[in-house]
Number of protein chains: 2
Amino acid sequence: MARHSDHRPVETVETAFDILDVLRHTTSAGITEIADELDLAKSTVYRHTKTLESRGLVVRSGDTYRISTWFLDYGIHVRNQHPLFDVATPKVDELAAETDEKVWCVIEEDGVGVHIYGAEGRHSVRTHARIGKRTALHQFAAGKAILAHLPADRIERILDEYDLAAQTAQTITDRDELRSQLETIRERGYALNYEESVTGVHAVGAPVKDESGDAIGAISIAGPANRLRGELLTDDLPTLLLGATNEIEINLAHS
Amino acid sequence: MARHSDHRPVETVETAFDILDVLRHTTSAGITEIADELDLAKSTVYRHTKTLESRGLVVRSGDTYRISTWFLDYGIHVRNQHPLFDVATPKVDELAAETDEKVWCVIEEDGVGVHIYGAEGRHSVRTHARIGKRTALHQFAAGKAILAHLPADRIERILDEYDLAAQTAQTITDRDELRSQLETIRERGYALNYEESVTGVHAVGAPVKDESGDAIGAISIAGPANRLRGELLTDDLPTLLLGATNEIEINLAHS
DNA sequence: GCGCGCGTTCGAATAGCGGGAACAAACCTT
DNA sequence: AAGGTTTGTTCCCGCTATTCGAACGCGCGC
């Protein structure tokens, strides 16, 4: 069975989102610029853009358009109503305060990891991660923790789809190596990331599982490689983290 | 001239967003449920939903669909690239730490105020406000601060459009009263909110203006009415706030 | 002051959208 | 256990709404 059925999509909707995607990547663009980019008639782009503008979805400033803050409203709404959000948020804050490092809450969606909440510790590293960031699961600690606790058939499908693209020189790109790591992660309950996602950054990640035992998300603690090492990385932080995710799972079951 | 031209919108795009709106309001819905809500044929909704799903914009769980976290990605992106965001964020954090109250950064878009960043103080009140929340400008301190510093013709158009709907018993619903308040706000440079937005909550708001003198956003400090009163509310907090917005304006001009 | 490039308008042709009916499967109810 | 109800899904036809290209008007810069 194909991942998404081969039905004819509604092409008009696709062009509308193609336009939105262009605006997202260019920050701000005019009608002609969009039309050229998408190989569409100017009049088509014009009518679409005006439709989106009348809904408030894009905003005009001068002769260029940009995406509106309605998407912020939609997006925050999506995040807030995710079952993990309410229960994970306070624990993420706690972990950040206790460890002084950057702590993230990540959920799984369509086989990718999505950062939905992050808390700063006093010595947080600054990475390219931000709320809403989507990352392939094999590329970071939280993602590997999730991946390890998904049904076997889903794991294989995800590996097929993303083909283990490298993010840094340390990213795991070998299927067998990944499979054996996932086995280890399942046994000890948490994942480690040695500069596999950002050079110079190490991390620990632990899954948050639902009642059926499948991961729905994960929490991770990340920091500079020269601080997060030795027993801190392999013992102290995992213990702290697993305590937190365990509590989260309990709260999740009773909410 | 009409606010948005009377051109025929692309109806297919409208139905796509109608579907997304239904999903946003219901948290999660099935094909038939959406079709009933919108008075559309099931086959139409089916095809649209599948199109959105194939783009990853909606996610299927069981036989219901919900909006995906792509909107979070879009939305956070929109927020982060707003000129005010980078310069205001640290100041908002500072104000929250100094005052121990809730501090918001609000921007103006299409005549409404949009909350793009909030910082908690140690004694923050909890209101219904959240990132992405859209509020009519006349209903709160930050909004009135913005409204007072917009071009006169825009002010009138906004008043026409929103008709001064009440949010609490204290919300200003009289045009003349609002106009005279706006005049006062322009003179002293900041706006006050006495339970006009949330019962039991007072607030101060000050505009952030661009080089032309028009407001592009505002910063507000909000807290319980019995704590935010007297000279604290009318002198100390405004002074603090105006110092911050002044700095923000300077940084904004040089970024 | 001329022309290039932009947003905007218009009309026409056809492709693609919307609808309804029919199918399959899952779920309750009895 | 069986039938009835409701759900997602599929198909095809007719018509409308989308698309395109060409033409217009405008402003900016060369």
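Just so we're on the same page: letters track the sequence lines, and every chain starts at 1. Everything numeric in this text was worked out from a predicted model, so none of it was measured.
Taking each heavy atom of A:Thr171 and A:Ala165 in turn, the nearest pair found is CG2-O, 3.7 Å.
Using a 4.0 Å cut-off between charged side-chain N and carboxylate O, B:Asp18 and A:Arg55 make a salt bridge. Electrostatic pairing of B:Asp160 and B:Arg157 does not count as a salt bridge here, judged by no charged N lying under 4.0 Å from a carboxylate O.
Atom CD of B:Gln181 and atom CG of B:Asn193 lie 9.0 Å apart (nearest 0.5 Å). To the nearest 0.5 Å, atom CZ of residue A:Arg60 and atom OG of residue A:Ser28 are 11.5 Å apart. The distance from atom CD of B:Glu108 to atom CG of B:Leu147, rounded to the nearest 0.5 Å, is 9.0 Å.
Here B:Thr12 lies in heavy-atom contact (under 4.0 Å) with sugar-phosphate atoms only.
In this structure, B:Lys50 atom NZ and C:dC17 atom P are separated by 17 Å, rounded to whole Å. Rounded to whole Å, the distance from CG on A:Asp63 to P on D:dG27 is 11 Å. Rounded to a whole Å, the CZ atom of A:Arg8 is 8 Å from the P atom of C:dG16. One interatomic measurement links the two molecules: CZ of A:Arg60 to P of C:dG7, which rounds to 9 Å at whole-angstrom precision.
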Take A:Arg130 and B:Asp73 through the salt bridge (charged side-chain N to carboxylate O under 4.0 Å, His left out) test and state the conclusion after the steps.
CA-CA 9 Å; A:Arg130 54 156 227 278; B:Asp73 189 57; 2.3 Å; yes

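Counting only Watson-Crick and G-U wobble pairs whose two key distances fall under 3.5 Å, DNA chain D forms stems of three or more stacked pairs at C:1-30 with D:1-30.
Residue pairs meeting the salt bridge (charged side-chain N to carboxylate O under 4.0 Å, His left out) criterion with at least one partner in residues 30-43 of chain B, sequence neighbours excluded, do not occur; the list is empty.
Taking only side-chain nitrogens and oxygens, B:His48 comes nearer than 4.0 Å to OP1 or OP2 of C:dG18. Using a 4.0 Å cut-off, no side-chain N or O of A:Thr44 falls inside it from OP1 or OP2 of D:dT18.
For A:Tyr65, whose side chain is taken as the heavy atoms from C-beta onward, the closest listed nucleotide among D:dT18, C:dT8, D:dT9 is C:dT8. Relative to the side chain of B:Arg47, the nucleotides C:dC17, C:dT8, D:dT9 differ in distance, and C:dC17 lies closest.
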Can you name the atoms? Protein N/O to nucleotides 21-26 of chain C N/O, anything below 3.5 Å, with the distance.
none

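Residues from residues 13-41 of chain B lying near DNA chain D, meaning a heavy-atom separation below 4.0 Å, are B:Gly30, B:Ile31, B:Thr32 in numerical order.
Classified by interplanar angle (parallel below 30°, tilted 30° to 60°, perpendicular above 60°), the ring pair A:Tyr74/B:Phe71 is parallel.
Considering only residues two or more places apart in sequence or on other chains, B:Trp104 meets the ring pair (Phe, Tyr, Trp, His ring centres under 6.0 Å) condition with B:His115. With sequence neighbours excluded, no residue satisfies ring pair (Phe, Tyr, Trp, His ring centres under 6.0 Å) with B:Tyr190.
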